[in-house]
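Computed from a prediction, not measured in an experiment: that's the story for all the values here. Every number for a ligand or one of its atoms is a count from 1 in the order of the listing.
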Amino acid sequence: MEMYRRTWAEINLSHLEHNIQLIRQGFPQDTFFCPMVKANAYGHGDVKVSQFLETLGVKHLGVCLIEEGLLLRQLGVKADVLVFRGFDSKGAVKMFENQLTPVVSTWEQLDILISLKQPTKIHLKFDTGMNRLGFEVAEVADVRARFKEQSHLQLEGVLTHLYQSEDGLDPNGETVEQIGRFLNVWEVFKDYSEFFHVLNSGGIVCKMSGAQGVLAQQNWGLRPGLLIYGYNPVSESKLDFKPVMTLQSRTNLIRDIKTGEGVSYGHTWKASRDSQVAVVPIGYADGWHRILSNRAEVLWNGQRAPIVGSICMDYLMVDVTGLSHEKENEVIFVGRSEKTGEALPATEAAEKAQTIPWEILTSVGERVPRLYKNK
Ligand SMILES: Cc1ncc(COP(=O)(O)O)c(C=O)c1O
């Protein structure tokens with residue numbers, strides 16, 4: 001691809017494959033497996049990632065919006081696509097037309113599917129504590145009764161979503177309690193639904209790390225998001241997931257700044273010595289949050305260097321005084337430099353931006369091209 005601006009996100013598909021295989025090895029039995037490709041596959045490019053996952057034999061994919069599902073269909077993705085966000089009747093028709101699978105979270109949605117009489121697979125979501133989407137656990141018998149009469153609705157899965165899955169190793173944690181509540185739902189639907197899916201990245205890692213009790217006692221289905229993109233949210237776990245994205249720029253624009261001179265809007269940084277400051281073509285409009293101004297580091301030809309001054313819409317500046325300069329300097333924001341092996345994980349930027357790696361990855365903007373490596 002031709003790029004006039006030297007900023008892009010390299011997406012390493014062999015790392016994606018490695019992460020998928022690592023999860024599969026942890027669940028050798030036949031387990032429902034639905035990687036989440038919503039939000040542009042966590043910033044990695046939903047169409048390409050979905051197409052690649054299909055080549056790995058993935059049968060289910062998860063999106064939030066009907067629009068996301070439509071895009072996958074338009075570009076030839078054949079896997080079952082679960083739409084998690086919900087729908088109105090217009091949306092339901094769109095889903096039928098495009099063989100998207102509705103995840104049903106409310107009576108209203110269930111009534112829409114009943115009244116439309118269209119044969120479809122569905123998944124039913126129950127709220128076990130997240131307090132976001134899903135039927136109440138107390139409603140499970142009523143849902144079952146209402147559902148029983150509808151032969152055109154094929155129940156493929158029943159699910160819940162964990163709100164603190166990182167604590168799954170703690171027998172007294174919230175996750176164990178949540179899954180305990182979900183067991184009531186399982187009990188009612190166990191003879192009717194093919195799958196019961198519960199585990200997001202944190203839950204998957206906890207189960208792979210030997211969690212016992214309710215986490216281990218069923219073959220709970222998997223909906224990994226962050227994990228397949230190479231980030232493990234469970235700090236105690238040392239499983240070897242590999243980051244898939246390397247966000248990077250190239251620049252040769254370096255300015256000499258005299259002691260006392262300021263850089264960028266508001267001169268929030270002033271040189272305490274004669275300095276060399278590189279101008280790098282990425283900014284907050286590309287998802288490199290302004291809060292990282294004067295806080296985060298980059299890898300400059302493989303060595304750490306601080307971002308100085310306020311991050312602009314299209315640029316940021318880096319103090320590269322005393323560092324090596326090349327004809328085209330490599331600047332990495334997230335990922336590992338092959339020059340030195342030094343890494344800057346998305347978790348580091350997240351900490352500095354007072355956010356989470358999910359937000360760092362999904363923020364990478366539309367105007368940053370994704371280049372796919374190791375197809
Ligand atoms: C319903 C549902 N399942 C699974 C996931 C994946 O979560 P994670 O990225 O923590 O694996 C999400 C993400 O927000 C979600 O909303």
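- Residue-ligand proximity, L226 to ligand 1, at heavy-atom distances under 4.0 Å covers atoms 8 (P), 9 (O), 11 (O).
- Checked for salt-bridge contact, K59 and E156 miss the test: no charged N lies under 4.0 Å from a carboxylate O.
- Within the listing of ligand 1, atoms 8 (P), 9 (O), 10 (O) sit less than 4.0 angstrom from a heavy atom of W358.
- Counting Ile, Leu, Val, Met, Phe, Trp and Tyr side chains that sit under 4.5 Å apart, directly or through other members, L253 shares a hydrophobic cluster with I257, V263, W269, V277, V279, V308, Y315, M317.
- Atom numbering of ligand 1 starts at 1 in the shown order; those under 4.0 Å from a heavy atom of K125 are 1 (C).
- Remark: the Y163 side chain and the Q178 side chain contain no N/O donor-acceptor pair separated by less than 3.5 Å.
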### Task
Please step through salt bridge (Lys or Arg N to Asp or Glu O under 4.0 Å) for the pair K373 and E10, ending with a clear verdict.
CA-CA 7 Å; K373 186 173 144 183; E10 181 182 279; 3.5 Å; yes
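- A perpendicular orientation is assigned to the rings of W220 and F196, their planes being inclined by more than 60° (bins at 30° and 60°).
- Between atom 13 (C) of ligand 1 and the options K38, M36, E166, the minimum heavy-atom separation is to K38.
- Taking every heavy atom of Y42 and a limit of under 4.0 angstrom, the matching atoms of ligand 1 come to 6 (C), 7 (O), 8 (P), 9 (O), 13 (C).
- Residues Y229 and H44 are in side-chain contact: their nearest non-hydrogen atoms beyond the backbone lie under 4.5 Å apart.
- For atom 12 (C) of ligand 1, the nearest non-hydrogen atom from the set R132, R223, H161, R85 comes from H161.
- Nearest to atom 11 (O) of ligand 1 among the protein's heavy atoms is S201 OG, 2.5 Å.
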